[in-house]
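Lettering of chains follows the sequences in order, A, B, ..., and the numbering in each one begins at 1. Atom set for the values below is all heavy atoms of this structure, side chains included, hydrogens, waters and symmetry mates excluded.
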2 protein chains.
Amino acid sequence: MTNKGRPAQNGKNADDARAALIGAARKKFVSKAYDKVSIRELAQLAGVNSAMIKYYFESKEGLYKAMVTEVTGQVIENIKLHLSSGKFDSIEEFFRSFVEMIKESPEFPLLMLKEMVLNQGVCREYFIERIGFKHMKVFDQVYHHFKDSGKLRADVDPLLFRMSLMSLTLHPWYMRELIGTMEGVQYDEAFLEKMIKHNTQLFQHGCFNEEGKNDQ
Amino acid sequence: MTNKGRPAQNGKNADDARAALIGAARKKFVSKAYDKVSIRELAQLAGVNSAMIKYYFESKEGLYKAMVTEVTGQVIENIKLHLSSGKFDSIEEFFRSFVEMIKESPEFPLLMLKEMVLNQGVCREYFIERIGFKHMKVFDQVYHHFKDSGKLRADVDPLLFRMSLMSLTLHPWYMRELIGTMEGVQYDEAFLEKMIKHNTQLFQHGCFNEEGKNDQ
DNA sequence: TGATTAATTAATTCGCTGGTTAATTAATCT
DNA sequence: AGATTAATTAACCAGCGAATTAATTAATCA
């Protein structure tokens with residue numbers, strides 16, 4: 001019971017047609033609707049036979065879920081890395097960390113949008129379970145952090161604070177391609193920095209005590 | 001050449017299985033991906049035979065387009081009614097008018113999202129042509145209105161102003177169902193009013209001259 | 001070398017969906 | 001009443017795509 005059987009041999013060396021399939025799924029499923037992506041299309045891009053999907057993932061949905069697991073896994077890592085504590089010196093630092101997090105998993109916002117907002121019926125529950133609450137919690141923590149430190153104005157509504165935070169941090173990524181084509185704007189360092197400053201401006205003056213501000 | 005032929009007889013009286021089909025399309029296509037909605041499903045919800053789709057709209061896509069035409073038609077009317085001039089006494093008035101506009105065509109934000117942002121739509125070009133530029137122009141006009149009236153601070157970036165305006169006005173509608181289930185919040189009068197005030201707060205202090213403010 | 005088993009494929013099955021058709025119904029007009 | 005025509009339906013068809021199968025390949029072990 002050691003090393004029998006034909007070894008995996010996609011392309012060069014080791015064990016993975018599996019990895020190739022997940023890679024293909026990452027590309028295709030992010031930019032196209034679930035049903036518009038055929039297993040033949042995926043197999044072709046991965047350079048393997050479509051039956052390999054059954055072999056490794058049981059079904060198309062199995063492959064999709066494996067891909068979601070991989071992406072959300074990375075995102076969870078990045079959230080831990082950049083946003084874990086929820087303890088930020090300033091709201092600007094939060095906006096900057098959030099951008100940093102997204103930059104490392106740029107497929108994520110659209111994937112989430114498709115799963116959670118659109119009822120594609122692929123694995124909404126699974127996705128929400130895996131990432132939804134954890135993700136939402138970040139905004140929650142930010143609210144409480146600033147609330148507890150006494151920097152937030154008393155009249156700021158918790159839900160609306162979180163909602164507007166979400167809107168301003170996520171929506172621009174949904175619009176990325178559109179903004180790119182219509183306005184000719186790339187999401188480069190300079191632009192993202194301007195966005196961070198702009199959002200900071202809005203929140204700093206809109207939700208925070210004037211006396212409590214410590215930088216700029 | 002007057003009144004021959006069998007009269008329309010869906011349910012009660014007059015001329016419309018057609019209307020029933022568009023109604024069904026409005027419900028189904030907004031909450032599900034295009035390919036996940038079958039013509040039988042639509043016909044069943046409308047209470048007619050699926051062949052009626054061919055009869056009235058030539059095809060599934062024809063029905064979809066007819067639905068888009070109806071919704072966007074209403075939206076254009078509502079934009080004219082509530083947002084046409086772009087001349088608002090305050091940013092709060094703009095937020096309120098925008099909410100008013102959306103309330104009368106609540107399917108619109110998600111429909112637009114699917115067509116323009118996600119590649120799930122069927123008639124992206126058609127949709128953009130019909131509503132895209134006209135709609136974007138509203139945010140543009142708001143910027144210029146306040147800029148020209150000297151109320152905006154000099155350092156406010158035009159694109160970021162428009163983007164954040166879009167984010168704050170549209171994103172909450174994408175999240176509507178999610179917020180409903182996760183937070184138990186309904187988008188009723190009271191909540192929408194709070195949202196308007198909150199957004200106003202952000203912009204009033206974040207983008208406008210302090211001396212130029214005239215209410216509250 | 002031959003048994004064993006993992007990896008891979010070509011070919012086939014089968015359910016679903018959009019589309020089509022031909023027949024039926026129910027009204028109006030002459 | 002009989003012709004005409006719009007509205008409606010049941011039944012059917014073709015095509016696609018996911019799933020499945022049965023066979024084949026290529027390695028390891030004994």
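Rounding to whole angstrom units, NZ of residue A/K36 and C1' of D/dG17 are separated by 13 Å. Atom-to-atom, CD of A/E41 to P of D/dC16 comes out at 15 Å; the value is rounded to the nearest Å. The interatomic distance linking B/D16 (CG) with D/dA6 (P) rounds to 17 Å, in whole Å. To the nearest angstrom, P of C/dG18 lies 18 Å from CE of B/M52. Rounding to whole angstrom units, NZ of residue B/K54 and P of C/dG19 are separated by 9 Å. In this structure, the CD1 atom of B/I53 is 13 Å from the P atom of C/dT20, given to the nearest Å. Taking atom CD of residue A/E61 and atom P of nucleotide D/dT20, one finds them 13 Å apart after rounding to whole Å. For A/L42 and D/dG17, the CG to P distance is 12 Å, given to the nearest whole Å.
Closest to the A/N49 side chain, of the nucleotides C/dA10, C/dG19, D/dA19, is C/dA10. Listed nucleotides: C/dT21, D/dA19, C/dT9. Nearest to the side chain of A/R40: D/dA19. Out of C/dG19, D/dA18, C/dT21, the shortest distance to the side chain of A/S38 is found at D/dA18. Taking every side-chain heavy atom of B/Y55 into account, D/dA6 is the closest of D/dA18, D/dA6, C/dT8. Out of D/dT8, C/dG18, C/dT8, the shortest distance to the side chain of B/I39 is found at C/dG18. Of all nucleotides listed (D/dT20, C/dT21, D/dT8), C/dT21 comes nearest to the side chain of B/A51.
The pair A/K27-A/E107 fails the salt-bridge criterion, with no side-chain N (NZ, NE, NH1 or NH2) lying under 4.0 Å from an Asp/Glu carboxylate O. A salt bridge links B/E41 with B/K32: the closest approach of a Lys/Arg side-chain nitrogen to an acidic carboxylate oxygen falls below 4.0 angstrom. A salt bridge links A/R96 with A/E193: at least one charged nitrogen is closer than 4.0 Å to a carboxylate oxygen.
For the pair B/K60 and B/Y34, the cation-pi criterion (under 6.0 Å, within 45° of the ring axis) is fulfilled.
At a threshold of 4.0 angstrom between heavy atoms, the contacts of B/S50 with the nucleic acid are absent.
Under the 30°/60° scheme for interplanar angles, the aromatic rings of B/F139 and B/F98 are found to be tilted.
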